[in-house]
Each structure stands twice: as C-alpha cells, then as structure tokens.
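Here the structure is a predicted model, which means the values were calculated and not measured. In the text below, chain A, chain B and the rest are named by the order of the sequence lines, each starting its count at 1.
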Amino acid sequence: MSAKPARVRVAPSPTGDPHVGTAYMALFNKALADTTGGQFILRIEDTDRTRYVADSEAQIFEALAWLALTPHEGPHKGGPCAPYRQSERLPMYKEAADTLLRHGKAYKCYCTSERLETLRKIQQAEKAKLLGYDGLCRSLSEAEIAANDAAGKPCVVRLKMPREGDIEVHDFFRGVLKFIAAEQQDAVLLKSDGFPTYHLANIVDDHAMGITHVIRAEEWIPSTPLHFELYRAFGWDAPVFAHMPLLRNKDKSKISKRKNPTSLLWYRDAGFLPEALRNFLGLMGFSLPNDQEIFTYDEFLRHFDLAKVNIGGPIFDLQKLHWLNGEYIRKLPHAELEKRLVEQAKLLMHREREFADLPEDQLPQETFLRDFETKRRQRSRVLGALAPELMTSYEVNPQLLAPIIPLIQERMHTLVEAADYLPMFFTREFAYTPEDFIQKKHTLDDAKKALAAAREMLAGSDLEHPDWLTRMDEQSRAKAEQLGMKIGPYLGPVRMAITGSRVSPPLMESIRVLGKEEALRRIDAAINALAQG
RNA sequence: GGCCCCUUCAUCUAAUGGUUAGGAUACUGCCCUUUCAAGGCAGCGAUACGGGUUCGAAUCCCGUAGGGGUCACCA
C-alpha cells in the first residue's frame with residue numbers, strides 16, 4: 001500500500017467510560033498503521049488530575065481489546081517509547097517548557113484565575129471580538145519575574161504566539177488552513193500544578209514517539225495553529241494532521257451521552273458484536289468498492305485509503321447498526337453464537353439494579369432509542385437471571401442448548417434479544433390467562449378444541465422420526481381444516497400452551513427440543529387452566 | 001458573536017466534467033409463511049440556493065443560506 005510505515009496513536013484521557021469516538025479514531029489510526037506496516041500506539045493522556053477516573057484506563061484498554069483494536073504499543077504492553085502514560089512522563093514536559101522559557105519562546109504568567117475570570121467577563125460584556133488571555137505577563141521584566149518567584153507566586157507557562165501575519169497549518173483532507181496570528185492567544189503549556197496541558201504534552205510525546213500521522217477528531221482544528229507553533233518553537237517537524245469528521249447525534253450535534261449512547265460498555269452490554277460495531281464505525285466516512293457494506297477488518301484494510309475518507313460529519317444511526325448486528329449474528333456458526341450468548345448472560349448476571357426500568361423523564365427522547373433502551377433493560381434482566389441455567393446447560397448438558405440456537409438465530413438483532421425466546425425452554429410454568437388463548441375471530445371453545453386435537457396428534461407421534469416435522473405439518477393442516485380453522489389460529493393456542501407466548505420460535509421445532517413428555521405436560525396444563533377458567 | 005470546518009434521498013454513502021444520479025438502513029406494499037423473524041420482489045425518496053467557467057457541472061470557481069466545531073491552568 002502506502003510507502004512509509006506510519007506511527008500513529010490514539011490518545012484518550014481516562015475521565016470516564018470508554019468512548020465510541022475513541023474506538024472510531026482507533027480504527028482509522030490502526031488501519032493506517034496496518035496498511036503501511038507501521039505501529040498503532042495507545043497513549044493515556046492523564047494530565048488532568050481533577051477529572052481522573054481510576055477505572056477508566058483499564059476500561060479503555062478492555063474496550064479496545066473487545067473490538068480487536070489492540071495497540072502495538074501502550075501502557076499495558078510497553079514499547080520502545082515507554083512510558084505511555086503522561087503522568088509518568090512529567091519530567092519531559094518540565095524540561096520542554098524550560099527549554100522554551102530559556103529560548104524566550106514562552107513566558108511565565110502569574111495571573112490568577114480570578115483575574116482571568118474577570119477578564120473574560122469584561123470581554124463578554126463588551127462583546128469583544130477577541131476573547132482570551134490579554135498577554136499581560138508577556139511583558140514582565142526579569143526583575144518582576146524574579147520578585148514573583150521569590151514571593152513564591154504560583155505561575156503557569158504560556159507560549160509566545162506570533163502577533164503578526166498568518167499561521168498556516170496543513171490538514172491532510174482540507175489542505176492549507178489559514179489563521180490570523182493576532183487572533184490566537186498565548187496558550188498555557190504548563191499548569192501551576194506542574195502538569196502539562198494537552199497542547200504541550202501531545203506535541204512533546206508525538207515528537208518523542210516518532211508519530212508520523214495525527215489522525216484525530218475535527219474538534220481539534222481550532223487548536224492546530226497552536227500545535228504548529230509549538231513544533232516551530234521546538235524546531236521540530238510537524239507530523240501529518242488528518243482531522244476526521246465528528247460522529248454526530250441525530251440532530252447533527254457532536255455525539256453526546258444525553259442524546260446517544262457513547263459508552264463502548266453500553267454497546268457490549270446491549271449485545272452488539274464487536275465485529276459489527278467495528279464494521280459500522282468503518283462505514284462512518286468510508287466506503288468499500290461495489291457497495292460492500294459488510295466486511296471484515298482485513299477486507300477493510302485491503303481497501304483502506306486515508307485519502308478516500310468522506311469528511312462530512314456522519315450521524316451515528318443506531319437503527320442501521322441494529323440491522324448490521326443482526327446480519328453478523330446470522331452469520332455466526334451455531335457453536336459460536338451459543339458461546340457468545342452464554343458469555344453475554346454471564347456478563348449481565350447479578351446486575352438487575354443497573355437494568356431497572358428508567359423513569360419516564362429519563363428515557364431518551366428519540367423514539368427508536370427510547371424503545372430500544374426500554375426493551376434492552378427488560379431483556380438484560382431476563383437474560384441475566386437466566387445466566388446460571390444457561391451456564392449449566394452449556395457446560396453440563398450441552399445437547400440442551402445447542403438445538404435451540406438455530407431456532408432463535410435469525411430472530412435476533414442483538415444478543416440480549418435472546419431473552420425473548422430462551423426462557424420458555426427453561427421454565428415449566430407460565431402466567432397466562434384464558435384470553436391469551438383466544439385467537440382472532442375465534443372463541444375460547446375453538447382454543448380448547450385445538451388443544452385437545454393437538455394433544456392427541458402429538459401423543460400418537462414419534463418425535464425421533466426423520467419425517468416428524470413434515471408429518472406434524474400435514475396433520476396440523478388436516479386437523480385445522482376439519483375444525484374449520486386456518487392453521488395459524490389452530491396452532492395459536494398450542495403455541496401459548498407450549499411457549500407461554502403468542503410469539504415464539506417455530507412451534508414444532510420447539511416441541512422437539514422440549515421432548516414429548518414435557519410438551520404433553522404443558523398442553524395438559526393449558527387444558528386444565530382453560531377448564532377451570 | 002469572532003474564527004474555522006462541512007453540505008448528494010430521513011440516515012450511511014457511490015458516482016473524482018458526459019449515469020434514467022447507484023447501493024444500504026428506515027418506511028410502505030406484495031410474495032413466502034405456523035406466530036415473530038429472516039428472505040424475495042416492488043415502491044417512496046437527494047445533488048441546499050444563486051451566479052459563473054464549460055459543448056456539457058453533483059463534480060471546478062464565487063456568493064448566499066443552513067448545519068457543526070471552537071473560543072479553560074479539560075482533553
């Protein structure tokens with residue numbers, strides 16, 4: 001493919017749940033590394049101590065591993081540029097800041113956050129065109145600086161941005177972007193707590209780690225002139241910057257928790273397959289030849305070309321992901337789906353509280369998502385509760401679960417949807433009422449007749465016979481006709497008796513899984529219930 | 001508001017100066033069908049607007065409109 005091996009990175013900050021945008025950037029970065037024989041690096045940008053969340057880093061790594069977007073280098077596995085956690089690289093930033101100070105490219109600023117706050121308020125009140133730091137400390141004399149330091153005044157280090165002319169930055173997709181130097185402000189590089197800001201740390205590390213391409217979100221464009229100036233101040237060559245489009249909510253705003261699930265953990269809990277989500281992310285801003293929409297990572301790589309990325313911001317359409325996930329589920333070998341279902345149930349076990357129904361006012365506004373989320377919670381509870389039985393069945397009695405898989409596979413779009421079909425195979429009692437047996441345009445009496453007829457038919461049949469399904473089909477039709485019913489209404493009450501629901505996997509196949517004895521018992525239970533009701 | 005970015009069906013996108021503007025999701029209808037799915041077929045549906053350039057513009061240029069991002073000692 002491309003010429004030189006690219007060294008790329010994804011640089012999330014551990015401030016909360018692993019974000020779908022991180023996975024999106026990881027995918028495109030990794031793709032560039034893999035198509036050029038380069039390396040994909042995970043760097044943890046933990047320079048904000050106030051927002052730091054302890055679990056977050058582990059979750060980020062776990063989520064990337066789940067998606068098979070594992071980095072070649074990172075805090076978990078080390079590498080030639082270790083450490084990969086910025087909090088462990090503090091001396092480098094300090095030294096870099098000192099260098100800039102020494103060369104007069106940066107200056108110490110003693111302004112308090114109170115002054116900055118009032119400054120901002122005044123600027124807003126005046127509707128000033130330029131908001132931001134006024135550069136007061138830029139002109140401090142050496143004596144003043146010494147006096148401030150002697151007095152132990154806290155300070156930050158700011159970059160001296162040029163005050164005249166244009167700053168030209170280059171973006172891989174957009175070409176040259178021009179910014180007016182005078183409109184840029186002197187950004188903070190080192191905070192008063194001694195930690196670097198993102199701006200400093202990211203440049204120092206990208207340079208130290210030999211990063212060749214910075215593929216990051218479009219929201220970084222406004223600070224790119226600052227980053228170019230930093231490279232210039234250090235005398236380093238800047239990498240290629242490629243600003244990817246932002247993933248969007250339905251209303252086109254930047255994807256956000258309130259309007260769209262953003263946590264990768266949510267997608268895993270909801271039963272999306274990692275390969276489906278990764279495929280879907282690959283569809284955001286990119287397409288394969290011949291309208292191919294379903295592809296493996298290898299196929300993606302075969303066609304990947306950074307230059308072909310579409311930079312219009314794509315809306316993250318959960319409904320399409322839902323469809324795609326169903327496609328992936330249907331493609332899974334039975335044994336694999338079985339394994340994943342058990343794993344999913346295990347994942348959801350003992351978490352009922354998390355999946356409690358959401359109060360009306362906390363439900364998402366958008367209709368598809370609202371409905372999805374409501375059902376997802378219900379199903380998660382059901383599947384989690386079923387976990388012990390599924391695990392036992394999988395490990396101790398595999399011949400029980402295995403035949404169920406083909407019956408439910410083509411009905412599912414997410415793994416948790418199995419909760420709609422699985423319980424009937426593990427429950428012996430159903431909470432139905434006589435009304436549940438009444439079919440459209442039919443009476444309770446019809447239902448009773450259908451149950452009796454079906455019982456007789458089933459009792460006299462041999463479930464082991466290879467033609468059993470065909471025979472049941474033929475006999476059902478004949479019996480239905482004899483009773484003056486269509487096959488649907490005829491089997492409806494039987495379905496309710498056997499599965500406890502009007503909706504179920506194919507009836508006869510389900511009966512075969514349950515076995516004759518259990519099936520007859522269920523029909524008898526229903527007959528009894530109707531007789532008493 | 002200043003600066004910057006973006007703009008093909010509702011949504012994801014294809015078409016890199018010549019196509020009846022293609023595919024997919026969603027939606028609708030029909031078929032299949034033992035419920036629900038899945039599947040098959042069909043329908044609906046877009047080049048934001050206005051100027052240029054050109055024999056010819058979704059495609060190149062300018063303007064307008066709309067949308068988005070960003071303006072922290074957060075990333």
Counting side-chain heavy atoms from C-beta on, which of B/C5, B/C73, B/A75 comes nearest to A/Ser192? B/C73

Which nucleotide in the list B/A72, B/C36, B/U13 gets nearest to the side chain of A/Pro314? B/U13

Phosphate oxygens OP1/OP2 of B/C73: is one of them under 4.0 Å from a side-chain N or O of A/Lys108? no

Tell me whether A/Lys320 is salt-bridged to A/Asp317, with the criterion being a basic N under 4.0 Å from an acidic carboxylate O. no

Interatomic distance where CG belongs to A/Leu247 and C1' belongs to B/C6 [whole Å]: 15 Å

Can you measure A/Phe195 atom CZ to B/C74 atom P for me and round it to whole angstrom units? 11 Å

Below 4.0 angstrom, N of the basic side chain to O of the carboxylate: do A/Asp134 and A/Arg115 qualify? yes

Give one of base, sugar-phosphate or nothing for A/Asn310, where a contact means two heavy atoms less than 4.0 Å apart. sugar-phosphate

Looking at every strand, decide which applies to A/Ser253 at a 4.0 Å heavy-atom threshold: base, sugar-phosphate, or nothing. sugar-phosphate

Rounded to the nearest angstrom, tell me the gap between atom CG in A/Asn260 and atom P in B/G68. 15 Å

Among B/A37, B/G69, B/C73, the one nearest A/Arg411 by side-chain distance: B/A37

Expressed in angstrom and rounded to an integer, what is the separation of A/Glu219 atom CD from B/A72 atom P? 15 Å

Need one value for A/Val188: base, sugar-phosphate or nothing, where a base atom within 4.0 Å counts as base even if backbone is also close, heavy atoms only. sugar-phosphate

Charged N-O contact under 4.0 Å between A/Arg340 and A/Glu336: yes

Closest to the A/Arg174 side chain, choosing from B/C5, B/C71, B/A24: B/C5

A/Arg502 atom CZ is separated from B/U35 atom P, nearest whole Å, by 13 Å

Would you say B/G66 has OP1 or OP2 under 4.0 Å from some side-chain N or O of A/Lys252? no

May I ask you to say what A/Ile315 touches in the nucleic acid, namely base, sugar-phosphate or nothing, with a heavy-atom cut-off under 4.0 Å? sugar-phosphate

Nearest listed nucleotide, side chain of A/Leu177, among B/U35, B/C4, B/A75: B/C4

Examine B/U13: is either OP1 or OP2 under 4.0 Å from a nitrogen or oxygen in the side chain of A/Lys320? Give yes or no. no

B/A24, B/C36, B/C12: which one has an atom nearest the side-chain heavy atoms of A/Leu283? B/C12

Taking the minimum atom-to-atom distance to the side chain of A/Pro506, which one of B/G2, B/U35, B/C4 wins? B/U35

Taking any heavy-atom pair under 4.0 Å as a contact, classify A/Thr47: base, sugar-phosphate, or nothing. sugar-phosphate

Between A/Thr414 and A/Asn325, is there a side-chain donor-acceptor contact under 3.5 Å, judged purely by atom types and distance? no

Both distances under 3.5 Å, Watson-Crick or G-U wobble: report the partner of B/C36, or none. none

Please work out if A/Glu327 contacts a base, only the sugar-phosphate, or nothing of the nucleic acid, heavy-atom cut-off 4.0 Å. sugar-phosphate

Looking only at the side chain of A/Gln319 (C-beta and beyond, no hydrogens), which of the listed nucleotides B/C36, B/C74, B/C27 gets closest? B/C27

Describe the nucleic acid contact of A/Met284 in one word from base, sugar-phosphate, nothing, applying a heavy-atom distance below 4.0 Å. sugar-phosphate

Categorize A/Phe179 for me: base, sugar-phosphate, or nothing, with a 4.0 angstrom heavy-atom threshold over every strand shown. sugar-phosphate

Lys/Arg N to Asp/Glu carboxylate O, A/Arg85 vs A/Asp46, below 4.0 Å: no

Closest-nucleotide 5' rank along RNA chain B - winner of A/Gly285 and A/Arg51: A/Gly285

How close or far is atom C1' of B/A10 from atom CZ of A/Arg248, stated in whole angstroms? 16 Å

Look at A/Lys479 together with A/Glu474 and state whether they make a salt bridge at an N to O cut-off of under 4.0 Å. no

Can you say whether a donor on the side chain of A/Ser113 sits under 3.5 Å from an acceptor on the base of B/C73, or the other way round? no

What's the NZ-P distance between A/Lys331 and B/G39, to the nearest Å? 12 Å

Taking everything shown except A/Glu456 itself, do over 12 heavy atoms lie less than 6.0 Å from its CD? no

Toward the 5' end of RNA chain B, by each residue's nearest nucleotide, A/Arg330 or A/Asp291: A/Asp291

Within this structure, what is the CD1-to-P distance between A/Ile180 and B/C71, rounded to whole angstrom? 18 Å

Applying a 4.0 Å non-hydrogen cut-off, can you work out what A/Ser287 is touching in the nucleic acid: base, sugar-phosphate, or nothing? sugar-phosphate

